[in-house]
Amino acid sequence: MTAVKSGFEGRVALVTGAAGSVGAHIVRSLAEAGATVVLNCFHSYDAAKALAAELGGGVRVIRASVAKQDQVRRMFDEVTSVYGRLDLLVNNAAAGTFAGWAELTEEHLDQAYETNVKGALWCARAARPLLAASDAGCVVNVSSVGAAYAPANYLPVGLSKAALEALTRYLAAEFAPDGIRVNTASAGLLDNPVGRMFPGFASMSANAVAATPMGRLATPADLANLVLLLASPGAAWVTGQTVVADGGMSLHRAALSPDPAPAPEPAPPVDRIQDVDRIQDVERIQDVERIQDVERIQDVERIQGVDPIAVVGMGLAVPGAGDPDAFWRLLNEGADLFVDVPPDRWPVTSFHDDDHRAPDKTYQRRSGFITGFTPHPALAAERPDAGLDHTTLWLRHSVHQALEGVTRRDSDRFTACFGYTPDGSQHLQEALVDRELGGPGVLPHGDAARSRPLPHRVGASAIDGILPADTRLLMVDTACSSSLYAIDLGLRDLLADRAEIAVCGGAFALAPGGSVLFSKLHGLSRGGEVRALDRSADGVLFSDGAGVVVLKRLSRALADGDKVHGLVAGVGLSADGKGKAIYAPSSAGQELAIARAFDKAGVTAGEVDWVIAHATGTPAGDEAEFLSLRAAYAGTRPVRVTSNKSLIGHTGWAAGVVSVIHALLGLRHGVIPAQHRFSAAPDAFGLESCNLSIPTQPVPWPPRPDGPRTAAVSGFGFGGTNAHLLVQEFRSGRPARAGYGARNGEPMVIVGWSAHVPGAEDNEQVGAWARGRHLLPDSFGDGYPHPPFARLRLPASTIRATDRTQLMIIECMQRLEPRIREFCARHSRTTGVVVGHTGPTRNAVLYAVRAYLDELDHLAHERAGELRERVTRLIAQPDEDSFPGEMPNVIAARLCGYFDLRGLNIAVDGGAASLADAFDLAGRYLDFGDVDVALVAGSNGNSLESWGELLGGGPIGEGTFLFAVTRKSLALAEGLPVLAEVSVEAAAQERLEATA
């Protein structure tokens with residue numbers, strides 16, 4: 001490998017199609033070898049910019065279509081102007097369609113030929129003068145297995161790649177007098193996102209591996225290494241050749257050898273035998289056909305090692321619908337659900353002003369509210385006084401509903417995971433404001449008699465008496481993707497055999513403070529309705545909502561005779577990393593989550609029929625998302641894209657699970673409902689030139705003959721917390737296409753730590769304080785000491801609007817040892833951040849109080865003037881940075897954005913057990929290989945008396961502690977210090993002790 005990467009120092013290389021899987025590997029390899037790399041791309045511009053930012057060192061991105069001669073000329077003019085030279089051209093850009101013989105069109109052939117052949121020719125011709133001036137001018141064209149073989153469904157690309165290899169020979173002869181070498185690098189079937197787009201990839205790849213003496217598929221790294229080999233000085237006497245890295249497939253050893261003697265069939269694992277025995281013991285399975293179906297499924301699972309996660313129950317409460325059946329009617333019939341704030345929620349005049357510049361006011365009166373709510377009969381019977389806050393009420397209702405008909409055993413272990421935010425509870429906001437204003441009892445519409453709706457207790461109250469007392473409970477916050485993360489965490493407990501049943505979902509209730517802050521982003525619809533994906537979209541409207549799904553392993557669900565609504569085929573998670581702003585959507589981050597979902601599940605874009613998009617109706621957000629879907633789902637097979645937010649609004653932390661239920665209902669009824677409030681797409685979508693469509697009428701969705709029907713659900717949260725979940729139908733007797741990542745079972749270890757607490761300048765002083773040898777103050781005081789710009793590099797306006805916890809965690813990262821920071825930077829794509837934080841941030845409380853000040857004037861409160869002076873002194877009027885600046889989940893997101901970390905980011909609220917929960921979650925992600933490094937933090941910056949009073953009184957300390965955690969083998973391989981070993985079980989025990 002070292003020899004391959006030698007001789008590139010100081011050379012200038014241009015790689016076309018540089019943002020794709022193979023292109024990115026080539027670019028990284030060249031950059032690591034010391035070359036100056038120019039990245040060409042056309043469709044994947046954001047991904048190319050992200051790659052260039054990751055590599056640094058002057059890497060340049062040029063956006064141009066190689067199929068357009070004028071754009072090619074412009075690109076090489078820029079290379080000439082900036083660098084004045086070129087030593088290597090890698091023609092990697094490719095286009096094409098997976099099309100069967102009957103589907104083949106002239107357009108398919110033209111599309112592939114324009115880019116794969118003509119594009120390479122135009123680039124080589126434009127590069128010739130620059131390459132001729134080099135003492136090592138070289139062109140490497142990138143081909144594929146289809147040039148020499150005839151894979152199914154590959155004719156357009158295969159023909160063009162064969163022509164590219166012929167072009168290589170002609171160019172080699174033509175360019176030889178100038179000392180320019182031209183060769184082709186090719187490989188066998190690649191195990192990468194494009195390779196997995198082959199129809200029937202699973203069986204195709206199995207056949208390829210069986211025919212390959214080296215016993216595996218090619219990887220993008222294999223092909224990138226071959227490109228560097230052909231471009232290196234060691235290949236200086238090689239030109240006009242096609243060199244193939246196929247692991248020996250072309251030897252045809254398997255085809256020209258006798259069949260090997262059959263190996264004895266291995267005995268099935270004991271637990272599988274017991275599963276089958278249990279299934280056959282179930283008395284409810286009476287008819288022979290069903291027993292045979294169950295046996296066939298178990299046989300498939302024994303062969304493939306797959307026992308997917310099944311959804312066996314679902315429940316919800318959203319505007320206009322109190323159960324899934326009512327939601328389905330709503331999706332098909334429509335309704336106008338956006339209304340003025342109901343009088344029993346809050347007085348709209350105290351918080352509204354038509355002038356969008358009015359401080360502490362929202363310019364929108366309308367949202368989606370749950371009105372006329374009818375609780376589940378069990379809930380009505382057990383809680384006749386209905387003494388619950390909104391979110392607990394709706395969530396408990398949904399739990400009751402989802403568990404109807406689900407078989408439970410006395411021995412079952414349960415996990416409950418819910419997406420939630422302290423900003424999504426009107427009652428919590430009012431309780432805090434009431435106390436800050438000198439209450440309780442200052443606000444007449446704030447019901448002081450209600451139970452304290454602390455975030456970590458909402459989930460516990462929602463399941464109290466329904467699930468066992470020892471149920472493992474997690475309250476997670478990734479903003480609008482929270483309930484998808486909750487589902488992912490629930491299925492991990494099932495896969496890790498820590499639970500037999502997982503109850504997962506989310507809840508959100510509108511509160512006036514949130515509406516005020518979001519209006520300062522100018523993100524709320526001015527027209528009073530949501531028009532997601534439409535060219536007339538002008539913003540989002542948030543809504544009340546809750547939703548729950550119940551998960552089991554498929555084998556267990558079948559044994560219990562449960563109704564299987566569908567399968568969770570896989571989940572992809574990502575963080576945006578560094579971007580324009582913490583609240584700016586990133587197509588590259590979203591594409592990464594989609595690619596990870598495909599990779600885990602083994603599902604290709606061509607197998608997905610329908611995407612329920614996050615699409616909130618904000619023009620910039622919808623455009624970024626649709627462009628990411630265009631890139632990820634490119635092909636010829638139609639993919640429908642819809643969003644339910646045009647109908648019911650954005651249900652916030654419940655939005656993901658509501659969309660999962662939407663998809664499951666579509667599977668049940670065989671219909672993809674039309675998009676509501678849609679007339680035409682924005683021009684930027686390029687709808688007419690892609691395979692994505694937005695249906696204006698219901699679309700029949702019958703079973704597919706070639707595989708299970710599949711839908712995707714996206715959730716993209718503020719701060720760049722992305723999730724893409726794949727839902728599939730269950731068809732008896734047919735194998736599932738599901739995957740969740742392989743567990744490694746390694747212990748996690750702490751390799752570094754830092755802290756930022758009041759009065760301590762470094763870790764040594766923190767250590768002395770922890771040992772009782774040094775006294776420190778509890779709080780940073782009314783004004784957090786902002787670091788100078790040279791250290792923090794954030795605009796002063798952003799710092800003023802940003803909660804101290806977000807600034808504290810950045811300071812902690814900067815206090816880590818340099819080698820630990822460098823370790824995280826090298827693993828930036830697989831470094832995640834998990835933060836334990838309880839309750840609302842300090843800024844959230846103060847902004848809410850500001851929003852309620854006019855209400856005090858209306859009430860003629862005797863202390864109105866004094867309170868106004870105090871709160872306006874503590875925090876400035878909100879602006880566009882205020883909403884992300886106060887959100888608890890953005891504590892983790894801020895770290896990812898500031899240091900360009902792409903793994904994932906998540907906050908967890910377990911009350912006093914929040915840090916233990918953070919370690920627990922980090923262990924889950926490390927265990928399944930989602931991240932290589934987890935930055936685990938415990939943080940609190942809210943020492944306001946109102947929060948302390950709700951927690952039970954007494955002073956609250958401020959500070960942030962950050963721990964760098966990784967797998968033990970990686971720590972040892974990197975030569976990092978192992979400070980402590982942490983087990984997931986120990987973290988769980990810590991949680992029990994903290995909550996006891």
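Along the sequence shown, residues are numbered consecutively beginning with 1.
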Among Phe718, Phe508, Trp394, whose ring-ring contact (aromatic ring centres under 6.0 Å, His included) with Trp653 holds? Phe508
So, applying side-chain contact (heavy atoms from CB on, under 4.5 Å) with Asp683, which one of Glu688, Arg535, Glu623 is it?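 Running side-chain contact (heavy atoms from CB on, under 4.5 Å) over Glu688, Arg535, Glu623 with Asp683 returns exactly one hit, Arg535.
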Distance in Å, [X] [atom1] paired with [Y] [atom2], rounded so as to fall on 0.5 Å steps:
X	Y	atom1	atom2	value
Arg366	His352	CZ	NE2	11.5 Å
Asp477	Ile906	CG	CD1	8.5 Å
Ser587	Lys49	OG	NZ	9.0 Å
Leu517	Thr362	CG	OG1	10.0 Å
His356	Ser519	NE2	OG	9.5 Å
Phe678	Ser643	CZ	OG	12.0 Å

Parallel, tilted or perpendicular: which describes the rings of Phe518 and Phe542, with under 30° parallel and over 60° perpendicular?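 Phe518 vs Phe542 ring planes: perpendicular.
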Determine the interplanar angle of the Phe626 and Phe685 rings, folded into 0 to 90°, and report it as parallel if under 30°, tilted if 30 to 60°, perpendicular if over 60°.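 Plane angle under 30°, so parallel.
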Any donor-acceptor pair under 3.5 Å linking the side chain of [X] with the backbone of [Y]?
X	Y	result
Gln728	Thr710	no
Gln697	Pro673	no
Arg531	Gly617	no
Glu625	His614	yes
Gln806	Pro884	yes

Regarding [X] and [Y], does a basic nitrogen lie under 4.0 Å from an acidic carboxylate oxygen?
X	Y	value
Asp323	Arg329	no
Asp534	Arg677	no
Arg668	Asp325	yes
Asp538	Arg526	no
Lys520	Asp879	no

Non-neighbouring partners of Thr392 that pass side chain to side chain donor-acceptor pair (under 3.5 Å), sequence neighbours left out: Asp389
Does a side chain donor of either [X] or [Y] reach within less than 3.5 Å of an acceptor in the other side chain?
X	Y	value
Thr805	Arg894	no
Ser659	Asn644	yes
Tyr420	Thr391	yes

Restricting to non-hydrogen atoms, name the atom on Arg345 and the atom on Ala509 that form the minimum distance, rounded to 0.1 Å. NH2-CB, 4.3 Å
Measuring centre to centre across the rings, with the benzene-like ring taken for any Trp, is Phe598 within less than 6.0 Å of Tyr633?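 Yes, they do, as the ring centres are separated by less than 6.0 Å.
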